[in-house]
Protein chains: 2
Amino acid sequence: MLSFTEENYLKALVQLTVFSEDVSEIGVNSLAKSLDIKPATASDMVRKLKDKSLVNYEKYGKVSLTPDGAKKGMMVIRRHRLWETFLYSKLDFSWGEVHDIAEELEHIHSEKLIDKLDEFLDFPEFDPHGEAIPNRYGEIMIPFRMTLSEVEVGKDCKIIAVKDSTDFLKYLDKIGLTINDRVRVINRETFDELTTISYDGKTAVVSPKLADNLFVVCAKCVKAKCDC
Amino acid sequence: MLSFTEENYLKALVQLTVFSEDVSEIGVNSLAKSLDIKPATASDMVRKLKDKSLVNYEKYGKVSLTPDGAKKGMMVIRRHRLWETFLYSKLDFSWGEVHDIAEELEHIHSEKLIDKLDEFLDFPEFDPHGEAIPNRYGEIMIPFRMTLSEVEVGKDCKIIAVKDSTDFLKYLDKIGLTINDRVRVINRETFDELTTISYDGKTAVVSPKLADNLFVVCAKCVKAKCDC
DNA sequence: GAAAATTGTTAGATGAGTCTAACTTTAGTA
DNA sequence: TACTAAAGTTAGACTCATCTAACAATTTTC
Ligand SMILES: [Mn+2]
Ligand SMILES: [Mn+2]
Ligand SMILES: [Mn+2]
Ligand SMILES: [Mn+2]
């Protein structure tokens, strides 16, 4: 059984790596800062977590979660967000009051309790702050910034930025695409990477050149489960 | 803020003293046994609780709760029983499953959380095991064994034992009173202690001699509040 | 490539809560 | 009353999570 402290380390690591684009490992100093403890303390604890196979780590190196550590950290976040949802929607707590209480409740271990609570709340997808709630397998939908080229076929995304070139902007305008538009990727040809998208009732085929330069956010299912 | 451990000591002390007839103080050995720790450990901790004015204690003496300690211990029991009720009646846990989870939940401190939970559960009077739930002031109804003479006017009680004397039993039989009868004390004259009782639709006036020898249980409101 | 800045580790200390082993006090009994 | 048994305390040790202070490695900057 993990201690409160160990769980808080794993939770912080999930937030700093799994929930962060382009960062899959982190230094001891940043970890310490995020937990509001001294680097010396974090350094010791990281060694202990490594001994328990919850993190990957070599002296003077970076820290990253093992699949087991990621799953356990994700479960702390699941518990936190489900309790926040309970406090908000069943006990009439306000938006701002729920976090501190959930910081304590997140460490109650019974898995059955959390699954029953999930069911009682009718399997909510988001907590009162709008953050996604991991499912019982430790999977969560996280918005990731990427280019349209990287969005999987069948997925939805939202345009958040366009490369600032006059030609490019003109072209977008012509096909009726702008910031904040929601787009679904219908198909992508393996031969020439032409991508078929649908948006606002319309359908269009776009080139890889366009798709590479269109920045979007897409809710990506992150699996922190051991056997996935 | 009290630690989990300190709260567990106070809870045990309430159960061993407040909830126990004729016992208002207890030895370090019994306390240790009830918490499944060694007497040496309990001895140390009791000194610490005394320093915090939560127990009365002198070296080699008995331990008893101060009003403050009793209130805090009672609150742990309130939280425990409210969470048990929640698990049982809202999350469909069985009778037998709720205790272990409540052992963890009882240490979540937010007072607002517990009062909201109480309201959400519609102010239950008993937990799934049938035990009374202390109110927000730390008051609880506990059944106490006493004689009919000691029951306050206006209170209900139940006959649990009668003194075994042939004359006495005959007399009881004559007025139609037996084990398990529920009785209400209607009046007690200060002059001669004659007690008027009602039971089974009937009313009777009984002598102090009879009342002294009729053993009953009566739900007594125990106040562990500081200012009561 | 050397100096400086940043990052990370180790050693030693602390407080909480626990233990065992040895000792002391109190209570019960012959 | 004196002896023995029970109850209670103290001393010393251990683990966990934290700290500070001193040191070591790595990275950045010039
Ligand atoms: Mn936490
Ligand atoms: Mn939240
Ligand atoms: Mn407890
Ligand atoms: Mn109960």
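In what follows, chains carry the letters A, B, and so on, assigned in the order in which the sequence lines appear, proteins first and then strands, with residues in each chain numbered from 1. The figures here come from the full heavy-atom set of this structure, side chains too, leaving out hydrogens, waters and symmetry mates. Please read all numbers here as calculations on a predicted model, not as lab measurements.
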Side chains of A/Thr147 and A/Asp212, donor plus acceptor under 3.5 Å: no
Under-4.0 Å salt bridge between B/Asp118 and B/Arg79: no
All ring pair (Phe, Tyr, Trp, His ring centres under 6.0 Å) counterparts of B/Phe4, not counting sequence neighbours: A/Phe4, B/His107
Between C1' of D/dC16 and NZ of A/Lys52, the distance in whole Å: 10 Å
Pairs flagged by salt bridge (charged side-chain N to carboxylate O under 4.0 Å, His left out) wherever residues 82-99 of chain A is involved - sequence neighbours left out: A/Glu97-B/Lys112
Atom-to-atom span, CZ of A/Arg47 to P of C/dA11 - whole angstrom: 10 Å
d(NZ, B/Lys33; C1', D/dG8) in whole Å: 13 Å
Whole angstrom value for the distance that separates C1' of C/dG15 from CD of B/Glu6: 12 Å
Rounded distance in Å - CD (B/Glu58) to C1' (C/dT25): 15 Å
Euclidean distance, atom CZ of residue A/Phe4 to atom P of C/dA16 [Å, nearest integer]: 18 Å
Aromatic ring proximity A/Phe86/B/Phe86, centre distance under 6.0 Å: yes
Contact pattern, 5' to 3', of nucleotides 18-27 of chain D - B, S or - by protein heavy atom under 4.0 Å: BBBB---S--
Pair listing, salt bridge (charged side-chain N to carboxylate O under 4.0 Å, His left out) test, anchored in residues 55-65 of chain A, at least two apart: A/Lys50-A/Glu58
Quiz item: cation-pi between B/Lys116 and A/Phe93, 6.0 Å / 45°: yes
Euclidean distance, atom CD of residue B/Glu25 to atom P of D/dA7 [Å, nearest integer]: 15 Å
B/Asn29 CG - C/dT24 C1' separation (whole Å): 14 Å
Residue-level proximity of residues 99-107 of chain B to DNA chain D when a heavy atom falls under 4.0 Å: none
Residues B/Arg78, B/Glu111: salt bridge by 4.0 Å N-O rule: no
Pairs flagged by ring-ring contact (aromatic ring centres under 6.0 Å, His included) wherever residues 6-25 of chain B is involved - sequence neighbours left out: none
